[in-house]
Protein chains: 2
Amino acid sequence: METRKTVSIKDVARTANVSLATVSRVINNSENVKPEMRELVQNTIRELGYSPNHAARSLVKRKTNCIGVVVNNLHDPFFYDLIKGFEHGAQQTKYNVIFCSVLGGDADSKENYVKYLTNGVVDGVVLYGSYLNDRKVLDYLKESNHVDYVMIENDVRECSCNKLLIDNYGGSKKAVEHLMQRGHKKIAHICGNPNKKVTQERMNGYLDCIRDAGLEIKEGYIQYTSTDYCSGYDKMKMLISLDNRPSAVFCSDDAIASFAVRAVMDSGLRVPEDVSIIGFDNQRILPDGYRGPLITSVEQPLYQIGQDSIHILAEQLEYPEEAKLIRHVYETKLIEKETVGYCGGI
Amino acid sequence: METRKTVSIKDVARTANVSLATVSRVINNSENVKPEMRELVQNTIRELGYSPNHAARSLVKRKTNCIGVVVNNLHDPFFYDLIKGFEHGAQQTKYNVIFCSVLGGDADSKENYVKYLTNGVVDGVVLYGSYLNDRKVLDYLKESNHVDYVMIENDVRECSCNKLLIDNYGGSKKAVEHLMQRGHKKIAHICGNPNKKVTQERMNGYLDCIRDAGLEIKEGYIQYTSTDYCSGYDKMKMLISLDNRPSAVFCSDDAIASFAVRAVMDSGLRVPEDVSIIGFDNQRILPDGYRGPLITSVEQPLYQIGQDSIHILAEQLEYPEEAKLIRHVYETKLIEKETVGYCGGI
DNA sequence: CTGAAAGCGCTTACAG
DNA sequence: CTGAAAGCGCTTACAG
């Protein structure tokens, strides 16, 4: 490759025969510059193809005008609405938004990205996810008071920061109540990654709802998936093979639910006639192998949350004096589709 | 919010009663530091909760150890495999990878992000996309020789940079030939966004293939979708309503194809018995409303391309002397699924 | 092995 | 309106 040589503000100043300060002023649209000066400088900037160095500028201004977003597994179609929210939020502010993705639930990698971002590359970060082993990251963030951040889905008490939360507990109650209203009494649960707080919350909603109704959770009615969504398939097969087969299954998320539906269909049973299934997320994008009915689900306003998170950060960065920590719990909404039917059985 | 105060290398040096240079040396794992010094410094770093400022460091080292990825509409499920490739590629190098998303085909926004990235925030950038109006961005990139980059899907001749290309022309020939092998003679085409090079290439493959076979492209057989995938639905309806209805349709991508299949089914016709449909991308994630058969498609190795792009950049940044510009055209592969049948008609 | 000093590319009081 | 100078937080020859 050719030799690297960047043109700096010095080159512009020398060529235009003005001081560094003057060049800086025209770059920053400062008022106090004589028109002819301004034009002269602008011309040489153009000639030389100069662009200001972002790192240098943010070093002295202590401001990067950027916001960083850190998530696990950016490729996951789950993020469709959330990313859209971030994108539109970004478009509506002057902040550049950059995304970092951490594979799996790798806490070290997450910490690495957060440290990187928070030390001179962004002014604020939004952190999505509720992996329980992200604790180290949060401890770090707690200490570093020079950066604003908002946490989505994570409600660590000791952390005083902006929190956007989702009423997973209530949402999962809505799901189970919906099943009960349709006459279901034998309701099982396939839950997600046990290392996430959401999983616990949704589980708790299920448990409490069942107990409050005086129903029984039969042997084998609670199935844990491993980290892979696909294992929802096997877990559903387990449930089907039970002597006391459930008439309805609440799945911790729609990815799991979609595999559960497949398992039912592959077993020669029908959804919802033989088994009702309800999910969580109202994820409207699924693997193309899915041929089942549309999944009844609990929706969380991810687009809104993504957009809000950027707006909140932008606002607080702009007006730090007026900034108040925000803690908001978003409500969920049951979306009836095609996978829940009335219980014909006992 | 509290007052912001970052702890800098100076604070560490003062507290530990050593020079800046020494602190710098232990941060950078330089060998020439006495063990007791090193420990002393490491302790005070821990006590003070110090992390080096990335902007300052990269300013002096002229190296950021980061790679930036710029795409349009990161939320699009199309990117599933590509993002996975980027993520795994990143994991395999020491480079941090950050993603920037440009909404729609907004060239200004893309230029903004590219300028931002290339001026002190990353060492290299990978640019995905073939929007024709990205020209300005490419012109800019051409001038700035202080950054390595790889372009995916864009083959601007004047641009001497790494190029990872896909044989869209050949792939689309494969698609149309497959249809002809199944006896189809009345083959229509629904093409994508006309502002992308891929659209042109796939169109050309279609045209040449049809002509080489001595077939005729009937009135109305070529339909342009607007920027929205959904318009594939309406365009397919158009094709169905034609007096001389085509027996097969080649769609520029699977997103369009999925809407085309829906249109056929909603018209009371069957896929592939009445109309065969073939797509491009082998996108395995679709909107949940899709109930049709699995879409026969032309696959491009997006995961591989994503991973390769990061590797190539990392390699060139590491060993600039040995760096040679890479230009690679990836082959496509026909994936037979369920939407192409034998032509029963004339 | 350690430190003083120069410098990376900018911005911003301060003086004129 | 313009410029000289200090400084943002680091690293790295250079001297010792």
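Heavy-atom basis, side chains included; hydrogens, waters and symmetry copies ignored. Proteins get letters first, then strands, A, B, ... in listed order; numbering begins at 1 in each. Not measured: the values here are computed from a predicted model.
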Figure out the [atom1]/[atom2] separation between [X] and [N], and round it to whole Å.
{"X": "A:Ile9", "N": "C:dC10", "atom1": "CD1", "atom2": "P", "value": "6 Å"}
{"X": "A:Glu31", "N": "C:dT12", "atom1": "CD", "atom2": "C1'", "value": "16 Å"}
{"X": "B:Leu59", "N": "D:dG7", "atom1": "CG", "atom2": "C1'", "value": "13 Å"}
{"X": "A:Lys63", "N": "D:dG9", "atom1": "NZ", "atom2": "C1'", "value": "19 Å"}
{"X": "A:Ile27", "N": "C:dT12", "atom1": "CD1", "atom2": "P", "value": "11 Å"}
{"X": "B:Asn32", "N": "D:dC14", "atom1": "CG", "atom2": "P", "value": "16 Å"}
{"X": "B:Glu36", "N": "C:dC1", "atom1": "CD", "atom2": "P", "value": "10 Å"}
{"X": "B:Leu20", "N": "C:dG7", "atom1": "CG", "atom2": "P", "value": "16 Å"}

May I ask you to say whether [X] pairs ionically with [Y], meaning some side-chain N is under 4.0 Å from a carboxylate O?
{"X": "B:Asp11", "Y": "B:Arg14", "answer": "yes"}
{"X": "B:Glu153", "Y": "B:Lys163", "answer": "no"}
{"X": "B:Asp155", "Y": "B:Lys197", "answer": "no"}

Please state whether the rings of A:His75 and B:Tyr80 are parallel, tilted or perpendicular, taking 30° and 60° as the class boundaries.
perpendicular
Tell me the ring-ring contact (aromatic ring centres under 6.0 Å, His included) pairs involving residues 20-73 of chain A, sequence neighbours left out?
A:His54-B:Tyr116
Per [X] side chain, nearest of listed nucleotides [options]:
{"X": "A:Val33", "options": "D:dT11, D:dC8, D:dT2", "answer": "D:dT2"}
{"X": "B:Val60", "options": "D:dT11, C:dT11, D:dC1", "answer": "D:dT11"}
{"X": "B:Arg57", "options": "D:dT11, C:dC10, D:dG3", "answer": "D:dT11"}
{"X": "A:Ala56", "options": "C:dC10, D:dG3, C:dA4", "answer": "C:dC10"}
{"X": "A:Arg25", "options": "C:dA13, D:dG9, C:dT11", "answer": "C:dA13"}

Identify whether any heavy atom of A:Ser51 sits under 4.0 Å from a base atom; if not, whether one sits that close to sugar-phosphate; answer base, sugar-phosphate or nothing.
sugar-phosphate
Does a side-chain N or O of [X] approach OP1 or OP2 of [N] to a distance below 4.0 Å, or not?
{"X": "A:Asn28", "N": "C:dT11", "value": "yes"}
{"X": "B:Ser19", "N": "C:dT2", "value": "no"}
{"X": "A:Lys61", "N": "C:dT12", "value": "yes"}

Nearest heavy atom decides the nucleotide; on that basis, is B:Lys10 or B:Ser24 closer to the 5' end of DNA chain D?
B:Lys10
Between B:Lys110 and B:Tyr131, is NZ or CZ placed under 6.0 angstrom from the six-membered ring centre and within 45° of the ring axis?
no
A:Arg62 (side chain) and D:dG9 (base): donor-acceptor pair under 3.5 Å
no
Tell me if a side-chain donor or acceptor on A:Ser130 pairs with a main-chain N or O of A:Lys196 at a distance below 3.5 Å.
no
When you measure from the side chain of B:Asp148 to the backbone of B:Leu313, do you find a donor-acceptor pair of N or O atoms at a distance under 3.5 Å?
no
DNA chain C: 5'-proximal contact among B:Arg38 and A:Ser8 (nearest heavy atom)
B:Arg38
When you look for runs of 3 or more Watson-Crick or G-U pairs in a row, both distances below 3.5 Å, which of them include DNA chain C?
C:1-3 with D:14-16, C:5-12 with D:5-12, C:14-16 with D:1-3
